Amino acid sequence: MTPWVRRLLIANVAVFFLTASQVVDWRYLALIPGAILVQPWGVFTYMFVHGGFWHLAFNMIGLFFFGPRLEMQLGGKYFIRLYLLSGFGGAAFSFIFASYGAVVGASGAVFGVLLGFAYFWPKERIYIWGVLPVEARWLVGVLAAMSLYSGISGAGAGVAHFAHLGGFAAGYGYLRWRKRKYM
């Protein structure tokens, strides 16, 4: 386990327990586009709030499996920048393209991590449900297409599909910028 992945896992689980036990009201930490002027911290804190155990579990599984290798590739400083910028990208896309009341979850940031994994290891096979091999680049492409379709059509109401797309876009933009800057 790498340092930033460990810290992020701990932070997400800790915030989940704080909000689930109602020590902290989750709405105070959510991104609420209509309340951005009175609750601006939501663009950051929403990344650590989850709508239930399975929401948390799936995001943290993605971070656990794809994060360490990417953190070792980028280095801790650049990994956490990718993670946070992807989360901010998710917030921006949610703010611009969506009309839901509250956005929560690390999905935008985790989708940025998944994109970073596919960026460096595009042909790496990922086994869906432990049996179905899919190359990382195809998995990202399918997830992006599904998020775009669902976001436009309204399928999967209650899921922040545009946050996923914002995470992909910001993650890709950051990786391309880093490549140009350090070549």
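None of these values were measured; they are calculated from a predicted model.
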Point to revise | Distance (rounded to the nearest 0.5 Å) between Leu63 CG and Arg6 CZ | key: 12.0 Å
Got a list of side-chain donor-acceptor pairs under 3.5 Å for residues 111-119, not counting sequence neighbours?
none

Check your understanding: To the nearest 0.5 Å, how far apart are CG in Leu70 and OH in Tyr78?
Key -> 14.0 Å
Check your understanding: What about Tyr172 and Val142, same hydrophobic cluster or not, with Ile/Leu/Val/Met/Phe/Trp/Tyr joined at side-chain heavy-atom distances under 4.5 Å?
Key -> no
Practice item. Decide if the gap between the ring center of Phe93 and the ring center of Phe162 is smaller than 6.0 angstrom. Key: no
Point to revise | Pair Glu124 + Arg69, salt bridge at N-O below 4.0 Å | key: yes
Check your understanding: Once the angle between the rings of His161 and His164 is folded into 0 to 90°, is it parallel (under 30°), tilted (30 to 60°) or perpendicular (over 60°)?
Key -> perpendicular
Check your understanding: Closest heavy-atom contact between Leu31 and Tyr46?
Key -> N-CB, 3.5 Å
Review point. Val13 and Trp54: same hydrophobic cluster, using ILVMFWY side-chain contacts below 4.5 Å?
Key: yes
Check your understanding: At what distance, to the nearest 0.5 angstrom, does CG of Leu8 lie from CE of Met47?
Key -> 9.5 Å
Practice item. Mind checking the CD-NZ spacing from Glu71 to Lys77? Nearest 0.5 Å is all I need. Key: 13.5 Å
**Study point:** side chain to side chain contact (heavy atoms under 4.5 Å, CB included) evaluation trace for Leu139 with Ile128
**Key:** CA-CA 9 Å; Leu139 179 61; Ile128 308 299; 3.9 Å; yes
Study note, to complete from the structure: In this structure, OG of Ser107 is separated from CG of Leu165 (nearest 0.5 Å) by 11.5 Å
**Study point:** Same apolar cluster: Tyr127 and Trp121, side chain cutoff 4.5 Å
**Key:** no
Review point. Under 4.5 Å between any side-chain heavy atoms of Val134 and Arg125, yes or no?
Key: no
Review point. Does Phe44 belong to the same Ile/Leu/Val/Met/Phe/Trp/Tyr cluster as Val38, with side-chain heavy atoms less than 4.5 Å apart forming each link?
Key: no
Point to revise | Other residues, nucleotides, ligands: >12 heavy atoms within 6.0 Å of Trp138 CH2 | key: no
Review point. Could you give the distance from CZ (Phe48) to CZ (Phe16), rounded to the nearest 0.5 Å?
Key: 15.5 Å
Review point. Between Arg81 and Tyr174, is NZ or CZ placed under 6.0 angstrom from the six-membered ring centre and within 45° of the ring axis?
Key: no
Check your understanding: Is the number of heavy atoms from other residues, nucleotides or ligands under 6.0 Å of Phe17 CZ greater than 12?
Key -> no
Practice item. Could you tell me which non-hydrogen atom of Pro122 sits nearest to which non-hydrogen atom of Glu135, and how far apart they are? Key: O-CB, 3.7 Å
Check your understanding: What heavy-atom pair brings Val110 and Asn59 nearest, and what distance separates the two atoms?
Key -> CG2-O, 3.6 Å
